[in-house]
Enquirer: 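The structure is given below, and queries will be raised subsequently.
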Amino acid sequence: MKDNVLNEIKKRALEEKIPIIMDDTLLTIKKYIDSKKIDKILEIGTAVGYSAICFSEFLSEDGKIDTIEREEERVIEAKENIKKMELEDKINIFEGDAVEILPKMNEKYDMVFIDAAKGKYPFFLKEALRMLNDDGIIFADNILYKGYVMSDYNKHKQRTAVRNLREYIKEVSENPNLETEILEVGDGLAISKLKNND
Ligand code: SAH
Ligand code: MG
């Protein structure tokens, strides 16, 4: 890892108020991945590529990351950052709305990181489950959204987001095929794995 370059990317993202993955969230994901090398990662919400760059550390030698971002300016900056880190062969950005792109995808992934529009989390879950390998793992960031999700918070602006984050938690908790943990790390992290049926 080019640590200085990565630190610059992080610093700039924070200055630009881009909501990049928090350090403790990243550490938790790393712990769950548990040094097992991963072949394919899907990320929904690239921003400037910071988390994708961090996740590249988990990849096997031929491993790849597909990541989706709809804001053109962020895609441009993400591409610059990925180039600076010399990770162009590992990280592939799909530019556009994940709601349109995901249904057209048909790959299988070992890890999915959901970190985009909160109002779309239940949809992202459905698509993530469709493309998840049997021993795969899904992480959903910001699942507790500043504590709003677990309180009786109903402020108008965030109401749709909160309703859909609650819906996501309900679905992963009630799905008999999934084992799920909701952690208070960072802004809340949901971790779901398929139960093995043998
Ligand atoms: N994962 C990044 C941070 C992502 S911030 C990191 O930790 O470094 C969330 C990003 O998701 C924003 O850049 C936003 O533009 C993008 N986004 C939100 N909704 C989206 C959608 N429906 N399709 C594609 N990108 C989306
Ligand atoms: Mg996030």
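Basis for what follows: all heavy atoms, side chains included, without hydrogens, waters or symmetry-related copies. In listed order, ligands and their atoms are each counted from 1. In what follows, residues are counted from 1 in the order of the sequence shown.
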Enquirer: Give a yes or no on whether a salt bridge exists between Arg12 and Glu15, defined as a side-chain N under 4.0 angstrom from a carboxylate O.
Expert: no

Enquirer: Output yes if Thr25 passes the N/O/S-under-2.8 Å test against the Mg ion (ligand 2); output no otherwise.
Expert: no

Enquirer: Among all the protein's non-hydrogen atoms, which is closest to atom 23 (N) of ligand 1, and how far away is it?
Expert: Ala98 N, 2.8 Å

Enquirer: Could you identify the single nearest non-hydrogen protein atom to atom 22 (N) of ligand 1 and state the distance to 0.1 Å?
Expert: Asp97 OD1, 2.9 Å

Enquirer: For the Mg ion (ligand 2), find the closest N/O/S atom on Asp141 and give its atom name.
Expert: OD2

Enquirer: Considering heavy atoms of the protein only, find what lies nearest to atom 9 (C) of ligand 1 and give residue, atom and distance to 0.1 Å.
Expert: Asp115 O, 3.1 Å

Enquirer: Who's the nearest protein heavy-atom neighbour of atom 11 (O) of ligand 1, and how far?
Expert: Gly45 CA, 3.4 Å

Enquirer: Determine whether the side chain, the backbone, both or neither of Thr46 has a heavy atom under 4.0 Å from any heavy atom of ligand 1.
Expert: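 Under 4.0 Å from ligand 1, Thr46 contributes backbone atoms alone.
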
Enquirer: I'd like to know if the side chain of Asp115 and the backbone of Gly45 have a donor-acceptor N/O pair within less than 3.5 Å.
Expert: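 Checking the backbone N and O of Gly45 against the side chain of Asp115, no donor-acceptor pair under 3.5 Å is found.
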
Enquirer: Does any N/O atom on Phe124 come nearer than 3.5 Å to any N/O atom on ligand 1?
Expert: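 For ligand 1, there is no N or O atom that lies under 3.5 Å from one belonging to Phe124.
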
Enquirer: How far is atom 10 (C) of ligand 1 from its nearest protein heavy atom, and which residue and atom is that?
Expert: Glu69 OE1, 3.5 Å

Enquirer: Between Glu43 and ligand 1, find which residue part has any heavy-atom pair under 4.0 Å and reply side chain, backbone, both or neither.
Expert: side chain

Enquirer: The Mg ion (ligand 2) is nearest to which N, O or S atom of Asp115?
Expert: OD1

Enquirer: May I ask you to identify the nearest protein heavy atom to atom 7 (O) of ligand 1, giving residue, atom name and distance to one decimal place in Å?
Expert: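 Answer, as residue, atom name and distance: Ile21 N, 2.8 Å.
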
Enquirer: With a 3.5 Å distance limit and no angle check, can you tell me whether Asp97 reaches the backbone of Val99 through a side-chain donor-acceptor pair?
Expert: yes

Enquirer: With a 6.0 Å cut-off (strictly less than), is the heavy-atom count around NZ of Lys108, excluding the residue itself, greater than 12?
Expert: yes

Enquirer: Any idea which protein heavy atom is nearest atom 6 (C) of ligand 1, and the distance to it?
Expert: Ser51 OG, 3.0 Å

Enquirer: I would like to know whether Lys84 and Glu8 meet salt bridge (Lys or Arg N to Asp or Glu O under 4.0 Å); could you show each step before the answer?
Expert: CA-CA 11 Å; Lys84 281 186 207 155; Glu8 274 307 307; over 6 Å; no

